[in-house]
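See below for the structure under consideration.
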Amino acid sequence: MSRPSDPSPAGLTTTSHAVLAQLAVRPWSTYELAQQRVRYFRYVWPRAESAIYREVKRLAAMGLVAAKREYVGKRPRTVYSITEAGRQVLREWLATPVSPFAMDFEAMLRLFIAPLGTKQQLVATLEQVRGDAQEMLRFGGAVKQEFLDGRAVLQDQVYIRALAVDFFISLLTTVDGWAERTLNEIQEWEDLSPDGKNNRGLEIMSQLPVATPSKHTDRTPVPPRTQRRRRASGSSSTH
């Protein structure tokens with residue numbers, strides 16, 4: 001399937017805009033950019049550190065960020081800051097429609113094909129999901145306290161950061177609660193066969209807190225058009 005042409009100047013990707021967004025807040029070295037990605041952006045836009053290093057150099061070559069050589073003691077480092085051209089690119093990007101919500105969640109793929117494996121394997125997957133979620137919730141609590149103490153690097157951005165931390169905590173709490181419920185359900189099973197389990201599945205389905213269509217139809221539901229919309233700037237797996 002052919003993709004729509006990239007509306008971003010010079011083929012910029014979402015990673016390009018993520019780096020520009022960080023530099024719009026304040027200048028950073030590439031190491032600091034990578035650390036901020038680990039703290040925040042990796043959960044919503046996971047990319048390898050090497051991609052961040054490559055991207056900031058590409059943006060510098062395009063004139064969207066400026067590089068300045070500094071010294072910490074005798075050790076040199078390059079600090080990058082956004083240029084006015086880079087700010088203009090961000091302003092134009094903010095005026096475009098956002099890509100629809102998507103999630104990179106391998107555990108869900110494993111759940112779909114769980115009957116090919118064993119109950120023990122599925123339990124191990126879900127226990128890891130719970131462990132990861134709880135670990136990230138502890139990190140979220142530390143970030144919360146950092147802002148409450150007034151010692152965060154971006155303390156002057158707390159009015160924005162609080163909204164982002166709210167999203168992460170809400171999402172992680174949901175994932176942790178789902179994994180706990182699912183583990184409790186599966187622990188009652190002897191195996192992963194459907195024998196004697198489908199009626200319980202329908203019971204769970206009937207209790208899900210989402211409205212159903214008011215009129216009966218035999219048509220198979222299809223995802224909304226918004227979920228089939230993808231901007232080329234957000235579709236690249238390498239950026």
Side-chain angles (χ1 to χ4, degrees), residues 14 35-49 98-148 161-230 234-235 237:
T14 300
Q35 290 303 300
Q36 286 296 305
R37 184 198 69 84
V38 168
R39 283 174 62 90
Y40 299 109
F41 288 165
R42 66 175 295 188
Y43 301 117
V44 293
W45 195 252
R47 293 297 180 270
E49 274 188 37
V98 68
S99 293
F101 178 78
M103 183 180 296
D104 183 359
F105 192 26
E106 183 183 323
M108 192 57 62
L109 295 178
R110 295 187 179 218
L111 177 62
F112 278 129
I113 61 170
L116 295 177
T118 66
K119 172 184 171 180
Q120 290 72 25
Q121 289 170 337
L122 180 55
V123 167
T125 292
L126 292 166
E127 287 177 341
Q128 184 176 333
V129 168
R130 280 212 78 192
D132 290 346
Q134 291 172 359
E135 184 177 28
M136 289 188 288
L137 281 168
R138 286 191 290 271
F139 167 70
V143 171
K144 169 185 172 180
Q145 191 62 53
E146 185 180 41
F147 277 103
L148 293 178
R161 299 288 160 161
L163 304 178
V165 174
D166 177 23
F167 169 80
F168 288 125
I169 297 302
S170 300
L171 177 61
L172 292 169
T173 300
T174 296
V175 171
D176 183 44
W178 169 80
E180 181 182 22
R181 292 193 306 276
T182 306
L183 275 168
N184 289 338
E185 188 73 28
I186 291 173
Q187 294 291 11
E188 302 298 320
W189 300 352
E190 291 186 5
D191 53 38
L192 298 183
S193 72
D195 298 340
K197 303 182 184 69
N198 279 333
N199 285 340
R200 171 58 180 160
L202 289 173
E203 180 183 351
I204 293 173
M205 193 76 74
S206 69
Q207 295 172 354
L208 296 179
V210 62
T212 54
S214 57
K215 295 182 179 179
H216 175 75
T217 177
D218 292 327
R219 296 176 60 183
T220 300
V222 296
R225 288 183 178 275
T226 54
Q227 280 297 311
R228 300 197 294 273
R229 184 187 71 245
R230 286 291 187 275
S235 62
S237 62

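Here the structure is a predicted model, which is why all the values come from computation and not from measurement. What you see below is based on every heavy atom in this structure, not just the backbone, and it leaves out hydrogens, waters and symmetry mates.
- The nearest pair of heavy atoms linking G140 to I169 is CA-CD1, 3.9 Å.
- One finds the CG atom of L116 at 10.0 Å from the CD atom of Q121 (value rounded to the nearest 0.5 Å).
- Rounding to the nearest 0.5 Å gives a distance of 5.0 Å between CG of L137 and OG1 of T173.
- Taking the side chain as every heavy atom from C-beta outward, V123 and Q187 approach each other to under 4.5 Å.
- Looking at every heavy atom in both residues, T217 comes nearest to R219 through OG1-N, 3.1 Å.
- K197 places a side-chain heavy atom less than 4.5 Å from the side chain of D191.
- With sequence neighbours excluded, the residues satisfying side chain to side chain contact (heavy atoms under 4.5 Å, CB included) with R181 are W178.
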Check against side-chain contact (heavy atoms from CB on, under 4.5 Å), R110 and L122: CA-CA 8 Å; R110 295 187 179 218; L122 180 55; 5.8 Å; no
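- In this structure, CG on L163 lies 11.5 Å from CZ on F168, to the nearest 0.5 angstrom.
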side-chain contact (heavy atoms from CB on, under 4.5 Å), that's the test. Do I204 and R200 meet it? Break it down for me. CA-CA 6 Å; I204 293 173; R200 171 58 180 160; 3.7 Å; yes
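- More than 12 heavy atoms of other shown residues, nucleotides or ligands fall within 6.0 angstrom of atom CD in Q207.
- Applying the side-chain hydrogen bond (donor to acceptor under 3.5 Å, both in side chains) test to N199 and every residue at least two apart in sequence or in another chain returns nothing.
- Considering only heavy atoms from C-beta on, E185 stays 4.5 Å or farther from T182 through its side chain.
- Within a 6.0 Å sphere centred on CD of E135, heavy atoms belonging to other residues, nucleotides or ligands number 12 at most.
- When side chains are defined from C-beta on, I186 counts as touching L126, because their heavy atoms get closer than 4.5 Å.
- A distance of 8.0 Å separates CE of M136 from CG of L171, quoted to the nearest 0.5 Å.
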Do M108 and L111 pass the side-chain contact (heavy atoms from CB on, under 4.5 Å) test, and can you show the C-alpha distance, the side-chain angles, and the key distance before you say yes or no? CA-CA 5 Å; M108 192 57 62; L111 177 62; 3.8 Å; yes
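- For NZ of K119, the number of neighbouring non-hydrogen atoms (other residues, nucleotides, ligands) closer than 6.0 Å is greater than 12.
- Counting non-hydrogen atoms of other residues, nucleotides and ligands closer than 6.0 Å to CZ of R130 gives a total above 12.
- E146 CD to F139 CZ: the interatomic distance, rounded to the nearest 0.5 Å, is 8.0 Å.
- Of the inter-residue distances, the one linking D195 atom CG with W189 atom CH2 reads 12.0 Å to the nearest 0.5 angstrom.
- What you find for V175 and A133 is that their closest heavy atoms are CG1-CB, 4.3 Å.
- Between A114 and L192, the shortest heavy-atom distance links the atoms O-CD1, 3.1 Å.
- Within a 6.0 Å radius of CD in E106, other residues, nucleotides and ligands contribute 12 heavy atoms or fewer.
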